[in-house]
Amino acid sequence: MKVVLLAGGLGTRISEESQTKPKPMVEIGGKPILWHIMKEYSYYGFNDFIICAGYKQYMIKEWFADYFLHNSDITFDFTNGRNDMIIHEQKCEPWKVTVVDTGYETMTGGRIKRVEKYIGNERFMMTYGDGVCDVDIRKILEYHEQHGKMATLTAVMQEQQKGILDIAADRSVRAFREKRPMDSAPINAGYMVLEPDIFGYLKDDNTVLEKDVLEELAEKGELMSYVHKGFWQCMDTKREMILLEQMLAANQAPWKKWE
């Protein structure tokens with residue numbers, strides 16, 4: 001089954017890094033966050049990826065073009081007047097990666113529409129290229145197959161970070177308390193399973209998957225959620241990037257199930 005990764009955005013909220021590279025290519029522990037996401041899927045046996053690139057898309061292509069070279073032990077032999085390259089040991093992944101330039105300003109739904117010809121008339125997975133998770137991807141797929149609807153997204157609980165205020169009409173604070181687990185709200189974390197019928201809802205480059213498509217599917221009862229109570233973290237800001245770096249350095253990265 002193919003996995004579509006949205007990797008074309010500008011990443012304006014982490015501009016310290018994304019000015020020089022696409023946001024999904026921002027590194028955590030020496031590897032792009034995109035690589036970490038792909039390793040998650042590969043852990044569960046999904047190795048056929050379609051990357052919807054856009055902003056600085058050439059950098060994603062060049063990184064994968066050099067990936068085999070950078071992850072192998074190689075001898076360069078010039079002694080016979082030639083450049084002979086001998087590969088001794090390779091540590092590459094069993095991946096098939098299709099990188100598609102889906103446009104600079106194309107919206108999320110439009111990017112998926114542009115890769116339709118690479119997906120064909122088959123079920124596929126999709127997620128965003130800027131967040132990691134320890135969800136069991138096989139269980140998401142099993143859940144999707146059981147309910148028979150057009151789309152499944154993974155929902156995670158976004159905890160409130162601050163104390164809760166009860167403010168009256170005159171702006172006086174009537175009550176204050178610290179946050180509780182019940183204050184959390186479910187949000188869309190990506191890690192979706194989609195049926196090919198969804199392409200009928202993707203009109204053009206201006207189609208926003210979340211607003212134009214998922215909202216309509218929800219109204220029709222065709223959108224289901226797989227509730228994940230474990231770890232999920234996006235990388236929207238420099239602070240979040242540092243947090244993920246620290247988790248890796250401390251060997252406390254829940255999404256890293258491989259090795």
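Note that the coordinates shown come from a computational prediction; the quantities given were computed from them, not determined experimentally.
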K.L.:
Answer yes or no: is there an ion pair linking Arg138 with Asp136, defined by an N-O contact shorter than 4.0 Å?
P.N.:
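No, this pair does not count.
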K.L.:
Please check: side-chain N/O of His147 versus main-chain N/O of Met224, any donor-acceptor pairing under 3.5 Å?
P.N.:
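No, His147 side chain to Met224 backbone: no donor-acceptor pair under 3.5 Å.
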K.L.:
Heavy atoms, side chains only, cut-off 4.5 Å: are Ile112 and Phe199 in contact?
P.N.:
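Yes. Closest side-chain heavy atoms under 4.5 Å.
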K.L.:
Flag the pair Glu116 and Lys113 as a salt bridge only when some basic side-chain nitrogen lies within less than 4.0 angstrom of an acidic carboxylate oxygen.
P.N.:
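Yes.
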K.L.:
Determine whether a donor-acceptor pair (N or O, by modelled atom type, separation under 3.5 Å) exists between the side chain of Lys203 and the backbone of Gly200.
P.N.:
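At least one qualifying donor-acceptor pair exists.
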K.L.:
Would you kindly confirm whether Met126 and Val100 end up in one hydrophobic cluster when ILVMFWY residues are joined by side chain heavy atoms under 4.5 Å apart?
P.N.:
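The answer is yes; both residues are in one hydrophobic cluster.
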K.L.:
Hey, does the side chain of Arg111 reach the backbone of Leu6 with a donor-acceptor pair shorter than 3.5 angstrom?
P.N.:
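Side chain of Arg111 to backbone of Leu6, a donor-acceptor pair under 3.5 Å: no, none is there.
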K.L.:
What distance do Met241 atom CE and Asp130 atom CG have between them, rounded to the nearest 0.5 Å?
P.N.:
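Reported value, rounded in 0.5 Å steps: 13.5 Å.
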K.L.:
Closest heavy-atom contact between Pro24 and Pro32?
P.N.:
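What the structure gives for the nearest pair is O-CB, 3.5 Å.
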K.L.:
Might you confirm whether atom CG of Asn121 has over 12 heavy atoms from other residues, nucleotides or ligands at distances under 6.0 Å?
P.N.:
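No, because the 6.0 Å sphere around CG of Asn121 holds 12 heavy atoms or fewer from other groups.
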K.L.:
Say whether, by atom type as modelled, one donor and one acceptor occur between the side chain of Thr207 and the main chain of Gly109 under 3.5 angstrom.
P.N.:
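Side chain of Thr207 to backbone of Gly109, a donor-acceptor pair under 3.5 Å: no, none is there.
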K.L.:
So that I can tick it off, tell me whether Glu27 and Lys21 are bridged by a salt bridge, with the cut-off set at under 4.0 angstrom between side-chain N and carboxylate O.
P.N.:
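Salt bridge flag = no for Glu27 with Lys21.
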K.L.:
So, taking the atom named CE in Met85 and the one named CZ in Arg82, what distance separates them when rounded to the nearest 0.5 Å?
P.N.:
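Between atom CE of Met85 and atom CZ of Arg82 there are 13.5 Å.
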K.L.:
Looking at Lys149 and Glu195, is there a salt bridge between them, counting it only when a charged N and a carboxylate O are closer than 4.0 Å?
P.N.:
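Salt bridge absent between Glu195 and Lys149.
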K.L.:
How far apart are the closest heavy atoms of Val4 and Cys52, and which atoms are they?
P.N.:
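Heavy-atom minimum between the residues: CG1-SG, 3.6 Å.
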K.L.:
Are Ile119 and Val97 connected in the hydrophobic side-chain network, where two residues link if heavy atoms are under 4.5 Å apart?
P.N.:
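In one cluster with Ile119: Val97, no.
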K.L.:
What I'd like to find out is whether the side chain of Met1 reaches to under 4.5 Å of the side chain of Asp48, using heavy atoms alone.
P.N.:
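Contact flag for Met1/Asp48 side chains = no.
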K.L.:
For Gln252 and Met247, indicate whether the former's side chain and the latter's backbone hold a donor-acceptor pair under 3.5 Å.
P.N.:
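Answer holds: no.
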K.L.:
I'd like to check Tyr201 versus Glu216 (side-chain heavy atoms, cut-off strictly below 4.5 Å). Are they in contact?
P.N.:
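With C-beta onward as the side chain, the pair touches.
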K.L.:
Does one hydrophobic cluster hold both Phe49 and Tyr44, with members joined at side-chain heavy-atom distances below 4.5 Å?
P.N.:
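Shared cluster, yes.
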K.L.:
How far apart are the closest heavy atoms of Asn71 and Lys31, and which atoms are they?
P.N.:
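Taking Asn71 first and Lys31 second, the nearest heavy atoms are OD1-NZ, 3.2 Å.
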K.L.:
Any side-chain heavy-atom pair from Met25 and Leu34 closer than 4.5 angstrom?
P.N.:
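Result yes, sub-4.5 Å side-chain heavy-atom pair found.
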K.L.:
Determine yes or no for a side-chain-to-main-chain donor-acceptor pair under 3.5 angstrom, with Asn188 supplying the side chain and Gly190 the backbone.
P.N.:
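Yes, the answer is positive, given that a donor and an acceptor are paired below the 3.5 Å cut-off.
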K.L.:
Roughly how far, to the nearest 0.5 Å, is the NZ atom of Lys2 from the CG atom of Asn47?
P.N.:
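That separation rounds to 12.5 Å.
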K.L.:
Is there a side-chain contact between Tyr67 and Cys92, using heavy atoms and a 4.5 Å cut-off?
P.N.:
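Touching, per the 4.5 Å side-chain cut-off.
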K.L.:
Quick check on the hydrophobic clustering: are Ile33 and Tyr43 connected, directly or via other members, by side-chain heavy-atom contacts under 4.5 Å?
P.N.:
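Result: yes, single cluster for both.
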K.L.:
Are Asp205 and Arg114 within salt-bridge range, i.e. N to O under 4.0 Å?
P.N.:
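Between Arg114 and Asp205 there is a salt bridge, with a charged N closer than 4.0 Å to a carboxylate O.
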K.L.:
Looking only at atom types and distance, does a side-chain atom of Gln57 sit under 3.5 Å from a main-chain N or O of Ala53, one as donor and one as acceptor?
P.N.:
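Not confirmed, Gln57 side chain does not pair with Ala53 backbone.
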K.L.:
Strictly distance-based, threshold 3.5 Å: is any side-chain N or O of Thr154 a donor or acceptor partner for the main-chain N or O of Tyr191?
P.N.:
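Yes, Thr154 side chain to Tyr191 backbone: donor-acceptor pair under 3.5 Å.
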K.L.:
Over 60° means perpendicular and under 30° means parallel, so classify the ring planes of Trp255 and His36, tilted if in between.
P.N.:
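It falls in the perpendicular class, over 60°.
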K.L.:
Can you check whether Ile86 reaches Ile74 side chain to side chain, under 4.5 Å on heavy atoms?
P.N.:
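No, their side chains stay 4.5 Å or more apart.
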K.L.:
Name the residue from Ile198, Ile50, Val115, Val193 that meets the side chain to side chain contact (heavy atoms under 4.5 Å, CB included) definition with Phe124.
P.N.:
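Exactly one candidate clears the test, Ile198.
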K.L.:
Indicate whether the side chain of Thr75 and that of Asp77 have a donor and an acceptor atom separated by less than 3.5 Å.
P.N.:
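Distance-only check fails for Thr75 and Asp77.
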K.L.:
What are the two closest non-hydrogen atoms of Ala151 and Leu217, and how far apart are they?
P.N.:
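Shortest heavy-atom separation between Ala151 and Leu217 comes out as CB-CD1, 3.9 Å.
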K.L.:
Check Asp236 with Lys23, please: is the shortest side-chain N to carboxylate O separation under 4.0 Å?
P.N.:
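Salt bridge: yes.
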K.L.:
Measure from the side-chain N and O atoms of Glu240 to the backbone N and O of Thr237, and report whether any donor-acceptor pair falls under 3.5 Å.
P.N.:
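Indeed, once roles are kept as given, a pair shorter than 3.5 Å links the two residues.
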K.L.:
Side chains of Glu93 and Ser42: any donor to acceptor distance under 3.5 Å?
P.N.:
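No, because no side-chain N or O of Ser42 sits under 3.5 Å from a partner of the opposite role on Glu93.
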K.L.:
Going through the checks in order, is the salt bridge (charged side-chain N to carboxylate O under 4.0 Å, His left out) test met by Arg123 and Glu145?
P.N.:
CA-CA 10 Å; Arg123 178 183 297 150; Glu145 292 172 339; 3.4 Å; yes
K.L.:
Starting at CD of Glu142, measure out to CD1 of Ile137 and round the result to the nearest 0.5 Å.
P.N.:
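Interatomic distance, Glu142 CD to Ile137 CD1, rounded to 0.5 Å: 12.5 Å.
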K.L.:
Heavy atoms, side chains only, cut-off 4.5 Å: are Pro22 and Ile60 in contact?
P.N.:
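With C-beta onward as the side chain, the pair touches.
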K.L.:
Look only at the side chain of Lys257 and the backbone of Asp134, and say whether a donor-acceptor pair between them is shorter than 3.5 Å.
P.N.:
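Indeed, once roles are kept as given, a pair shorter than 3.5 Å links the two residues.
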K.L.:
Find the distance between OG1 (Thr98) and NZ (Lys117) and round it off to the nearest 0.5 Å.
P.N.:
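Answer rounded to 0.5 Å: 11.0 Å.
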K.L.:
Tell me the closest heavy-atom pair linking Leu244 and Met235, and the distance in Å.
P.N.:
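So the two residues come closest at CD1-CB, 4.1 Å.
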K.L.:
Tell me, do Trp35 and Trp95 make a side-chain contact under 4.5 Å, heavy atoms counted?
P.N.:
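Of all side-chain heavy-atom pairs linking Trp95 with Trp35, at least one is under 4.5 Å.
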K.L.:
Test of understanding: clusters of I, L, V, M, F, W, Y form through side-chain heavy atoms closer than 4.5 Å, transitively. Do Trp232 and Val227 belong to the same one?
P.N.:
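Shared cluster, no.
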